[in-house]
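A short write-up of the structure that comes next.
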Amino acid sequence: MRKSLIILSLICMIYGVWAQNSSRRSDSATALVHFPPAAIAAFQKIDAERIRAHVRFLSHDLLEGRGTGQRGGDIAAEYIATQFSLYGLKPAGDNGTYMQKVPMVGMTPAPDTTFSLVPANGSARELKPLIEYVAYDETQQRDSTVNADIVFVGYGVEAPEYKWDDYKGFDVKGKVLLMLVNEPTSEDPNFFKGKALTYYGRWVYKFEKAARKGAVGALLIHKTDMASYPWDVVRNSNSGEKSYLQLDGSPKLKVASWIHLDAAKDLAAAAGMDLDKMMTDARSRDFHPVTLPVKLQAHMVSKVRPFESNNVIAMLPGSDVKLKSEAVMYTAHYDHLGIRPGMPGDNIYNGADDNATGCGILLELAHAFSGAAQQPRRSILFASVTAEEQGLLGSEYLGKHPPITAEKVTLDLNYDDLPPLGSPEEVEVSGSERTTFYPTVEALAAEFRLAIRPDAHPEAGHYYRSDHFSLARVGIPAFSVNEGIKYKGHDAAWGMQKANEYNEKHYHQPSDEYDPEMDFTGDAVMARFGFALGWQAASSAKLVGWEKGDEFEAARAKSGAN
């Protein structure tokens with residue numbers, strides 16, 4: 001199957017047969033690209049076993065889970081930089097190096113932190129860390145005290161384009177906001193995009209909005225079906241040190257917290273209310289904030305550790321004198337959750353799937369492009385970023401400090417958590433339909449005999465949960481490339497069962513480990529597909545843009561791209 005895919009794709013590349021009858025042609029895709037023999041030869045050399053070798057090393061116990069600001073994460077960055085150097089790629093980091101320093105602060109809650117719900121009538125209830133709540137001090141202080149009323153603000157969303165406002169002008173300065181994860185549900189694609197989660201549903205947005213409103217804290221109610229992951233993921237992602245970009249003057253919360261559903265039910269009961277009814281009321285446009293007769297009394301004590309982590313960036317200069325100042329970017333995060341001290345048994349979060357696989361593909365793409373006897377017209381950037389697991393921090397910093405200006409990056413193709421399960425018959429490119437590049441994506445997928453699978457879980461908001469989102473926020477057309485759930489020799493139910501098993505048993509767990517039985521055929525197919533996408537974007541006459549009316553169109557226009 002793999003060999004036949006290669007032959008078919010090469011034939012199509014040679015003759016430039018790209019979606020000539022597509023119903024969604026756009027200016028960026030009208031010029032068909034003839035792939036030169038040098039590109040075809042480079043494409044042929046993409047090797048699943050080289051990807052395997054990178055994954056095996058990066059997820060080895062010796063790298064201690066590649067924690068941000070930890071020894072294993074630094075080793076991973078040096079390994080990736082070394083590979084870039086071996087490929088002869090140009091350093092694109094700071095001061096002629098491959099490293100872009102990302103100034104960060106690590107915050108670790110101390111054991112003497114206290115976190116209590118205090119009703120106006122009744123006894124205080126101190127919540128248990130990790131079991132009933134997780135909380136961090138985003139102000140990056142060693143010691144902060146909060147004693148404030150709790151205000152229920154529904155979903156905590158202010159979205160004028162959907163005529164939705166959970167705040168209704170209510171003054172929340174100095175308050176602690178209790179809010180639901182996710183966003184108002186609907187089947188209407190014109191209302192919060194129907195089932196698909198928008199950025200309004202992401203916890204990052206909710207914390208940012210609460211801070212801008214002047215709140216001192218936020219309590220996000222975790223509910224598994226709404227969050228799309230169990231409490232274990234919240235606990236594992238928020239135990240031990242959590243990293244933040246150094247403060248830049250924007251408002252931050254003293255208490256940025258998740259609370260367990262059971263604790264939220266007890267909180268509502270202490271206020272003489274019913275959580276189920278509160279959640280139902282929050283689904284209405286007529287909802288108004290409700291001050292609960294309960295205070296949060298929290299004494300946040302934290303270990304504060306300033307440090308630097310690194311994005312690892314390399315460039316392959318383009319061949320066109322005029323267009324080489326523009327670039328296609330490939331991204332993949334190398335960090336994972338590191339080691340959890342004090343946890344019994346296996347406490348190394350190896351992150352084999354998440355995201356040694358993406359790094360392996362990124363490195364194999366760098367190897368393929370650098371080995372080509374001829375380069376595409378635009379330059380190619382390869383960026384392996386840090387601190388994705390901490391809230392897309394490395395890519396956020398990269399988006400704000402790109403090696404070339406954002407308006408000159410025509411496209412970002414991101415790789416994150418690609419399961420090594422065999423030969424795929426589908427590809428997921430959620431978000432590509434939002435760009436003018438989508439006709440090309442459709443055509444190439446057809447030539448690779450890959451059905452484009454819609455996001456299997458649009459309610460999970462995957463588009464806003466990986467590093468391409470950070471690039472989209474500064475206007476760069478961006479999306480992730482991944483396999484669907486249909487594999488050769490299996491039906492879709494098998495693929496869905498494997499995906500569910502991974503999410504339930506291995507996602508953000510120490511068991512996400514390398515296994516010699518892993519089949520990296522699909523990772524190689526996704527690398528070849530991404531190679532073809534990138535070469536086309538790097539060779540087309542015009543820069544890629546966002547479709548008219550997209551939420552990132554304004555950022556692209558602001559950056560000056562056309």
Side-chain angles (χ1 to χ4, degrees), residues 64-65 67-73 102-118 123-148 150 174-178 203-204 207 210-211 215-220 222 231-247 251-260 262-264 266-267 294-309 335-345 347-349 386-387 389-391 393 508 510:
E64 301 172 342
T68 299
Q70 298 177 17
R71 177 176 177 273
V102 182
M104 307 185 79
V105 174
M107 300 292 292
T108 307
D112 44 349
T113 291
T114 59
F115 200 88
S116 298
L117 303 175
V118 184
S123 302
R125 180 185 168 189
E126 185 167 349
L127 299 188
K128 300 174 183 176
L130 301 182
I131 298 172
E132 295 179 303
Y133 84 97
V134 296
Y136 286 88
D137 185 348
E138 293 184 331
T139 66
Q140 301 176 18
Q141 301 298 307
R142 297 183 185 277
D143 192 295
S144 293
T145 299
V146 169
N147 182 13
I150 297 175
K175 309 296 185 183
V176 171
L177 307 187
L178 177 69
W203 59 267
V204 179
F207 287 167
V216 295
L219 308 175
L220 273 182
H222 175 268
W231 178 258
D232 283 353
V233 172
V234 176
R235 180 193 64 201
N236 292 342
S237 302
N238 294 276
S239 58
E241 183 180 78
K242 188 172 181 64
S243 301
Y244 294 90
L245 295 177
Q246 282 189 0
L247 294 174
K252 300 295 180 183
L253 299 172
K254 291 183 178 181
V255 174
S257 172
W258 291 70
I259 61 172
H260 194 279
D262 291 341
D266 290 346
L267 168 58
V294 182
K295 290 180 180 288
L296 174 69
Q297 292 183 355
H299 184 206
M300 303 291 292
V301 184
S302 307
K303 176 184 176 183
V304 181
R305 181 177 72 95
F307 68 95
E308 289 180 336
S309 189
D335 66 292
H336 199 54
L337 301 179
I339 293 178
R340 290 293 181 257
M343 189 176 86
N347 65 349
I348 300 176
Y349 289 74
T386 185
E389 303 290 7
Q390 305 296 317
L393 301 183
H508 284 198

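We use all heavy atoms of the structure for the numbers below, so side chains are in, but hydrogens, waters and symmetry mates are not.
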Shortest non-hydrogen contact from [X] toward [Y]:
| X | Y | answer |
| --- | --- | --- |
| Y349 | P510 | CE2-CD, 3.6 Å |
| L220 | W203 | CD1-CB, 3.3 Å |
| S309 | M104 | CB-SD, 3.8 Å |
| A210 | L177 | CB-CD1, 3.8 Å |
| F307 | S243 | CZ-OG, 3.5 Å |
| V105 | Q246 | CG2-CG, 3.9 Å |

Spacing of [X] atom [atom1] and [Y] atom [atom2] [to the nearest 0.5 Å]:
| X | Y | atom1 | atom2 | answer |
| --- | --- | --- | --- | --- |
| R235 | I131 | CZ | CD1 | 8.5 Å |
| I259 | L178 | CD1 | CG | 5.5 Å |
| K254 | D143 | NZ | CG | 9.5 Å |

Within-4.5 Å side-chain heavy-atom neighbours: [X] and [Y]:
| X | Y | result |
| --- | --- | --- |
| Q390 | Y244 | no |
| R71 | E64 | yes |
| Y136 | S302 | no |
| L253 | T139 | no |

Does the pair E241/R305 count as a salt bridge with the N-to-O cut at 4.0 Å?
yes
Mind checking whether H222 and W258 have parallel, tilted or perpendicular rings, split at 30° and 60°?
tilted
I'd like to check the side-chain contact (heavy atoms from CB on, under 4.5 Å) partners of [X]; sequence neighbours left out, ordered by chain and number.
| X | answer |
| --- | --- |
| V176 | V146, A148, I150, V216, L219, L296 |
| S237 | V233, H508 |
| A135 | F115, Y133, V255, S257, M300 |
| E308 | K101 |

Expected list for residues 337-344: side-chain donor-acceptor pairs under 3.5 angstrom, two or more places apart:
{"unit_1": "R340", "atom_1": "NE", "unit_2": "N236", "atom_2": "O", "d": "3.4"}
{"unit_1": "R340", "atom_1": "NE", "unit_2": "S239", "atom_2": "O", "d": "2.9"}
{"unit_1": "R340", "atom_1": "NE", "unit_2": "S239", "atom_2": "OG", "d": "3.0"}
{"unit_1": "R340", "atom_1": "NH1", "unit_2": "L337", "atom_2": "O", "d": "2.8"}
{"unit_1": "R340", "atom_1": "NH2", "unit_2": "N236", "atom_2": "O", "d": "3.0"}
{"unit_1": "R340", "atom_1": "NH2", "unit_2": "S239", "atom_2": "O", "d": "3.3"}

How far apart are the C-alpha atoms of K303 and M107, what are their side-chain angles, what is the distance that settles it, and do they pass the side chain to side chain contact (heavy atoms under 4.5 Å, CB included) test?
CA-CA 6 Å; K303 176 184 176 183; M107 300 292 292; over 6 Å; no
Just one of L117, V118, T114 clears the side chain to side chain contact (heavy atoms under 4.5 Å, CB included) bar with Q297, so which one?
V118
Worked check of side chain to side chain contact (heavy atoms under 4.5 Å, CB included) between L393 and T386:
CA-CA 7 Å; L393 301 183; T386 185; over 6 Å; no
Could you walk me through whether L247 and K252 satisfy the side chain to side chain contact (heavy atoms under 4.5 Å, CB included) test, starting with their C-alpha distance in whole Å, then the side-chain angles of each, then the deciding distance to 0.1 Å, before giving a yes or no?
CA-CA 9 Å; L247 294 174; K252 300 295 180 183; 3.8 Å; yes
D266: what forms a side-chain hydrogen bond (donor to acceptor under 3.5 Å, both in side chains) with it, not counting sequence neighbours?
R125
So, D137 and S144: side-chain donor and acceptor under 3.5 Å apart, yes or no?
yes
